[in-house]
Amino acid sequence: MLKGRVFTFYDEFQLESGQSLPGFQLFYTTWGTLNADKSNVVWVCHALTANAFVNDWWGGLFGEGKIFDPARHFIVCANTLGSCYGSTGPLSLNPDTGRPYYHTFPTLTNRDVVRAFNYLREHLEIEEIDVLVGGSVGGQQALEWAVSNPELVNKLVHVASNARQTPWGVAFNESQRMAIEQDVTWQLNTDDAGLNGMKTARAVALLSYRNYQAYNRSQRETHNNRLDNFRAASYQQYQGEKLARRFNAFSYWHLTKMMDSHNVGRERGSVEEALAQVQAETLVIGVDSDVLFPLTEQRLVARHIPNSTFEVVRSEYGHDGFLLEFAQLQEILETFLQKKPKRKTWIPTVF
């Protein structure tokens with residue numbers, strides 16, 4: 001049974017930006033049973049607006065009879081700092097003021113998030129992660145973790161992601177934040193501040209998650225007489241409304257900023273030098289139609305990680321193919337997971 005819990009870190013938590021949090025909480029789920037030698041841990045880092053319930057959004061890979069089966073694996077997924085699904089984020093109460101953070105929430109990086117995850121790992125007394133898997137921003141976090149603590153991870157699965165955020169990715173994210181800024185409510189200290197702007201931001205994001213072929217296939221008009229209210233227009237409106245019912249603009253703002261600062265090479269010489277530190281047997285997966293994280297990004301990661309395999313998922317869905325092409329992903333993962341990596345001696349994390 002999938003179980004949700006909250007981990008609380010009570011000490012001041014220093015951030016890369018020089019700011020700090022006066023402690024934090026992480027909402028996390030576990031699924032399955034940790035075996036006697038604690039060697040069956042599968043840790044999942046989720047995508048931008050996803051949550052800790054991995055079966056909700058990656059159900060094709062996680063569950064009974066799936067490639068990651070709780071009957072065989074101990075599956076852990078923690079909601080990232082800055083999000084709004086149980087972990088400390090902008091709508092959380094600041095214990096120093098007794099009021100929500102809102103606009104005073106500090107700047108986060110993936111490196112900060114990974115450090116928080118590592119405190120949770122130590123709390124769970126997990127000494128090694130057999131498989132660390134993440135897609136999109138979750139892939140960024142998984143890679144950062146494998147670089148910062150190379151002895152911890154046996155196998156890394158890096159899906160539709162990169163080693164450093166590209167100018168293209170930053171431009172998409174900044175365009176979304178500009179949409180939020182245009183919402184006259186954004187400057188308010190209320191839970192729903194900027195919500196209409198976030199609807200537009202989500203519509204912008206969707207253009208990067210899909211592509212020309214995906215829209216042409218799913219949103220093409222069925223007759224030639226329409227002058228307004230096109231299917232594609234309604235779809236954009238629907239997707240914005242859908243996210244607004246479950247997310248908030250503050251978290252969206254901070255998580256896109258977190259993506260923008262992603263760079264495993266920061267203070268490590270270069271991206272290439274950082275990737276060379278990864279000791280995990282690594283599977284890098286790209287989606288051939290992904291315009292947000294194109295295959296060049298995954299090829300770079302695979303080229304510079306010493307023990308890596310590169311595979312391509314064929315899809316018409318664009319970036320979202322990593323959430324939809326379960327049959328291909330399962331086949332690729334089955335081949336990869338059959339390999340037996342050398343066992344490592346655990347060395348505590350040093351950040």
Side-chain angles (χ1 to χ4, degrees), residues 9 13-21 24 26-28 43-52 76-85 87-90 105-121 129 132-150 152-153 156-170 172-174 176-177 251-275 277-278 280 282 284 292-293 297-298 300-301 304-305 319 322 349-351:
F9 184 81
F13 185 60
Q14 293 293 330
L15 304 172
E16 260 200 293
S17 64
Q19 299 169 286
S20 66
L21 284 169
F24 63 81
L26 288 179
F27 180 83
Y28 69 99
W43 195 297
V44 189
C45 298
H46 67 73
L48 183 70
T49 64
N51 55 39
V76 184
C77 184
N79 183 226
T80 183
L81 284 178
S83 188
C84 56
Y85 290 123
S87 294
T88 296
F105 193 74
T107 300
L108 295 173
T109 68
N110 281 325
R111 204 166 291 182
D112 296 324
V113 171
V114 165
R115 287 179 55 239
F117 287 168
N118 206 62
Y119 281 120
L120 169 60
R121 175 191 66 80
I129 296 173
L132 176 60
V133 55
S136 194
V137 67
Q140 294 179 341
Q141 292 168 353
L143 183 59
E144 172 62 38
W145 206 351
V147 169
S148 62
N149 194 353
L152 174 67
V153 183
L156 170 66
V157 180
H158 181 264
V159 187
S161 191
N162 57 14
R164 178 179 183 174
Q165 186 72 337
T166 62
W168 178 245
V170 172
F172 265 113
N173 287 340
E174 182 63 19
Q176 294 171 63
R177 291 189 295 268
S251 286
Y252 202 87
W253 176 279
H254 278 278
L255 295 182
T256 57
K257 283 281 190 179
M258 183 177 73
M259 290 180 69
D260 286 356
S261 66
H262 172 62
N263 180 357
V264 297
R266 186 168 55 249
E267 298 182 351
R268 293 175 178 141
S270 67
V271 166
E272 293 78 9
E273 289 176 78
L275 293 175
Q277 297 176 33
V278 175
T282 301
V284 181
L292 183 58
F293 293 90
E297 296 300 306
Q298 291 90 57
L300 184 147
V301 173
H304 294 285
I305 291 179
H319 182 62
F322 89 94
T349 305
V350 177
F351 283 101

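Side-chain contact between Arg177 and Tyr252 is absent, with no heavy atoms from C-beta onward closer than 4.5 Å. Asn149 is listed as a side-chain neighbour of Asn118, based on a closest heavy-atom distance under 4.5 Å. By the 4.5 Å heavy-atom criterion applied to side chains, Pro150 and Val278 are not counted as neighbours. When side chains are defined from C-beta on, Thr80 does not count as touching Leu48, because their heavy atoms never get closer than 4.5 Å. Val264 has its side chain out of reach of Arg164: every pair of non-hydrogen atoms, C-beta onward, lies at least 4.5 Å apart.
The line from CZ of Phe24 to CZ of Phe9 is 5.5 Å long, rounded to the nearest 0.5 Å. Here the OG1-CG distance, from Thr49 to Leu255, works out to 9.0 Å after rounding to the nearest 0.5 Å. Rounding to the nearest 0.5 Å gives a distance of 12.5 Å between SG of Cys84 and CZ of Phe27. One finds the CD atom of Gln165 at 10.5 Å from the CG atom of Asn263 (value rounded to the nearest 0.5 Å). Here the CG-OG1 distance, from Leu15 to Thr107, works out to 8.5 Å after rounding to the nearest 0.5 Å. Here the straight-line distance linking atom CG of Leu143 with atom CG of Asn110 works out to 9.5 Å at 0.5 Å rounding.
Between the side chain of His262 and the main chain of Val137, no donor-acceptor pair closer than 3.5 Å is present. Side-chain N or O atoms of Ser83 include none that pairs as donor or acceptor with a backbone N or O of Leu81 at under 3.5 Å. A side-chain donor-acceptor contact under 3.5 Å links Arg115 to the backbone of Gln14. Formation of a donor-acceptor pair under 3.5 Å by the Ser270 side chain with backbone atoms of Gly265 is not found in this model. Formation of a donor-acceptor pair under 3.5 Å by the Thr109 side chain with backbone atoms of Glu16 is not found in this model. Side-chain atoms of Arg268 do not come within 3.5 Å of backbone N or O of Gln277 as any donor-acceptor pair. Of the possible donor and acceptor atoms, one in the side chain of Ser148 sits under 3.5 Å from a partner among the backbone N and O of Glu144. Between the side chain of Ser161 and the backbone N or O of His158 there is no donor-acceptor pair closer than 3.5 Å.
Aromatic ring orientation, His254 versus Phe105: perpendicular (interplanar angle above 60°, classes split at 30° and 60°). Note on ring orientation: taking the six-membered ring where Trp is involved, the planes of Phe117 and Trp43 are tilted (angle from 30° to 60°). Relative orientation of the Phe172 and Trp168 rings is perpendicular, given thresholds of 30° and 60° on the angle between their planes.
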Practice problem: Please report the C-alpha distance between Asn51 and Asn79 in whole Å, then the side-chain angles of each, then the deciding distance to 0.1 Å, and finally whether the side-chain hydrogen bond (donor to acceptor under 3.5 Å, both in side chains) criterion is met. | Solution: CA-CA 6 Å; Asn51 55 39; Asn79 183 226; over 6 Å; no
Exercise. Could you walk me through whether Leu275 and Leu300 pass side chain to side chain contact (heavy atoms under 4.5 Å, CB included), step by step?
Key: CA-CA 9 Å; Leu275 293 175; Leu300 184 147; 3.9 Å; yes
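Leu156 pairs with exactly one of Thr282, Val133, Ile129 by the side chain to side chain contact (heavy atoms under 4.5 Å, CB included) rule, that one being Thr282. A side chain to side chain donor-acceptor pair (under 3.5 Å) with Ser136 is found for one member of Gln141, His46, His319 and no other, namely His319.
Contact record, Gln298 with Phe293: NE2-O, 3.1 Å, taken as the closest heavy-atom pair.
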